[in-house]
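Written out below as structure tokens is the structure these notes cover.
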Amino acid sequence: LPSGVASQRSATRNDELEPISATTEARTASSKTMSATSEAKAETPHEGEGSHLLVVITPTYARPTNKPPPQANALLRMLNAMCQSSRQNILWIMVIEFGDADPAPKLPRCVPGRHTSTVHAVTIEVPAEKEKAPARDAAANGNATESSETKTKKKKPPPHRGVAQRNAGLAFARDRERLRAAIDEGGLFGGNTAELVELAVRPWDDPLVYFGDDDNEYDPRVFEEISKISKVGVWPVGFPFAMAPTHVEAPAVNASGSVVGFYSKFCDKRTYNVDMAGFALRVSAARTATFSPRSKQGHLEDDFLRAALGEDYLDRAALEPLADGATQVLVWHLGWKFDREKGKWKLMYEVRQPPDPAFVCKNTL
Ligand code: UDP
Ligand code: MN
């Protein structure tokens with residue numbers, strides 16, 4: 001491994017958490033492609049070892065309200081985290097609604113030589129959803145009629161945001177021709193896709209897919225962890241201002257390293273107690289699953305994963321726990337809501353007293 005990369009890492013990363021990235025480096029460094037290349041070549045994102053294309057799907061919108069964080073702020077933070085990850089080839093699909101401005105032209109790019117990952121951003125559009133998710137922020141929009149309209153509707157609108165957008169991104173990730181065109185256009189894999197094809201590696205075959213909302217906080221290492229997935233990976237998600245008192249939702253892992261259940265404050269009747277930010281999978285492992293606007297509140301991910309992987313608790317045993325055996329938090333979900341009384345936005349913070357005695361979901365294997 002080039003020493004420049006190592007020193008850059010230790011200068012910017014928390015030593016305590018180093019073991020995770022060390023695993024990635026050891027594996028990358030031992031790959032034939034890396035050891036056979038010159039130092040200059042080694043600075044480019046990694047190649048070989050099958051398909052390491054990572055498709056990150058991000059529903060995003062120009063906030064019609066002042067709900068934080070502002071879109072440009074959110075996207076820039078996310079891009080920074082992806083660029084700062086080590087040796088990833090990321091196709092970032094931002095999915096906007098018709099009529100919104102394309103955020104891509106205003107975003108910077110990863111810096112070759114400085115960053116070892118490459119991110120190519122593409123923007124796709126979907127029609128505005130007919131039934132809007134309830135506007136948590138209706139009051140903040142100064143739109144007094146919105147909440148009364150919502151109340152008088154016979155059918156309650158689905159409680160999800162970004163469903164059509166994620167499905168549109170997923171359709172892109174399933175479309176080899178579109179992927180191939182985007183890879184060529186974006187110069188991913190160091191622009192060496194022709195060479196890869198000669199080596200019988202086709203990066204558009206079976207990419208990894210991650211659904212990354214724009215308002216989460218990402219440690220760059222989460223993208224490195226994802227690249228280790230062979231089928232489906234899961235890892236902890238931090239909820240710094242919710243899910244008290246644990247502030248985390250995580251796979252429960254037994255001594256032999258298998259996922260046997262989940263820690264969650266919201267167990268409900270879910271098989272896969274995992275947040276959108278806490279899993280990624282091969283497109284082939286997703287089979288024909290899509291996100292359903294009819295999912296119950298809090299069940300969007302579970303319904304998707306049950307359609308993809310199976311409904312049985314036993315199916316969870318096939319999940320690959322990442323982030324050092326699901327002991328590290330590398331992504332955080334922040335929830336903002338509008339406080340009507342105070343007339344301002346605040347981060348959701350729930351403290352339940354007395355605290356629940358246990359947060360292990362009952363349906364543990
Ligand atoms: N989002 C969107 N259009 C909307 C509402 C949300 O594209 O009308 C996006 C948002 O930018 C984020 C994702 O959908 O990437 C989830 O939305 P939000 O963070 O509001 O939902 P929560 O995290 O509270 O479930
Ligand atoms: Mn969010």
Side-chain angles (χ1 to χ4, degrees), residues 55-79 81-82 92-104 107 121-141 143 146 150 157-170 172 209-218 222 237-243 247 249 264-266 268 270 273-279 291-293 295-304 331-339 345-350:
V55 179
V56 176
I57 297 170
T58 301
T60 185
Y61 68 129
R63 283 63 162 144
T65 66
N66 54 1
K67 182 180 182 184
Q71 185 188 33
N73 184 188
L75 293 174
L76 193 51
R77 294 180 75 100
M78 201 173 163
L79 177 73
M82 291 190 282
W92 188 19
I93 303 180
M94 290 184 286
V95 196
I96 63 173
E97 278 187 0
F98 280 134
D100 265 11
D102 180 359
L107 290 167
V122 300
T123 308
I124 60 173
E125 295 179 306
V126 298
E129 276 161 325
K130 272 187 213 130
E131 286 184 305
K132 276 277 180 195
R136 267 187 196 166
D137 44 1
N141 204 11
N143 187 350
E146 197 164 342
T150 312
H160 309 293
R161 289 161 290 278
V163 167
Q165 285 145 290
R166 291 188 192 94
N167 286 337
L170 197 49
F172 194 119
V209 176
Y210 181 46
F211 300 98
D213 287 352
D214 64 1
D215 58 335
N216 295 330
E217 289 292 323
Y218 298 92
V222 79
V237 175
F239 293 81
F241 298 96
M243 297 268 179
H247 299 293
E249 213 172 50
S264 179
K265 200 194 162 195
F266 175 64
D268 210 9
R270 296 191 293 167
N273 294 65
V274 61
D275 183 76
M276 199 64 75
F279 74 94
F291 291 97
S292 168
S295 285
K296 277 200 310 184
Q297 184 156 24
H299 285 249
L300 191 62
E301 298 89 340
D302 185 42
D303 288 347
F304 174 79
V331 57
W332 295 264
H333 185 148
L334 299 181
W336 290 89
K337 76 173 177 195
F338 193 72
D339 183 331
W345 288 98
K346 65 170 192 180
L347 277 166
M348 277 189 266
Y349 191 90
E350 304 165 11

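Atoms within each ligand, like the ligands themselves, are counted from 1 in listed order. If you're wondering where the values come from, they're calculated on a predicted model, not measured in any experiment.
Within the 4.0 Å heavy-atom shell around ligand 1 one does not find M276. For H160, the heavy-atom gap to ligand 1 stays at 4.0 angstrom or more. Judged by the shortest distance from any of its heavy atoms, R63 lies inside the 4.0 Å radius around the atoms of ligand 1.
Residue-to-ligand polar distances keep V95 apart from ligand 1: every N/O pair is separated by 3.5 Å or more. Here's the thing with R166: none of its N/O atoms is less than 3.5 angstrom from an N/O atom of ligand 1. Polar contact with ligand 1: absent for T58 (N/O pair, distance under 3.5 Å). An N or O contact shorter than 3.5 Å is missing between E97 and ligand 1 by distance.
Ligand-side atoms of ligand 1 in range of D215: 19 (O), range being under 4.0 angstrom from any heavy atom. Atoms of ligand 1 lying under 4.0 Å from any heavy atom of D213, numbered from 1 in the order shown and given with element: 12 (C), 13 (C), 15 (O), 16 (C). For ligand 1, the atoms sitting less than 4.0 Å from at least one non-hydrogen atom of T60 are 7 (O), 11 (O), numbered in the order shown with element in parentheses. Atoms of ligand 1 lying under 4.0 Å from any heavy atom of K67, numbered from 1 in the order shown and given with element: 20 (O).
The side chain of H333, and not its backbone, has at least one atom closer than 4.0 Å to an atom of ligand 1 (non-hydrogen atoms only; side chain from C-beta on).
Judged by distance alone, with hydrogens and angles left aside, the side-chain atoms of Q165 form a donor-acceptor pair with the main-chain N or O of V95 at under 3.5 Å.
Among the atoms of D215, an N, O or S atom is found under 2.8 Å from the Mn ion (ligand 2).
Among residues two or more places apart in sequence or in another chain, the ring-ring contact (aromatic ring centres under 6.0 Å, His included) test is passed with Y218 by F223.
Using a 30° and 60° split on the angle between ring planes, F239 and H333 fall in the parallel class, below 30°.
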Test side-chain hydrogen bond (donor to acceptor under 3.5 Å, both in side chains) applied to D214 and T60, step by step: CA-CA 6 Å; D214 64 1; T60 185; 2.8 Å; yes

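Nearest to atom 9 (C) of ligand 1 by heavy-atom distance, out of A277, P59, A74, is P59.
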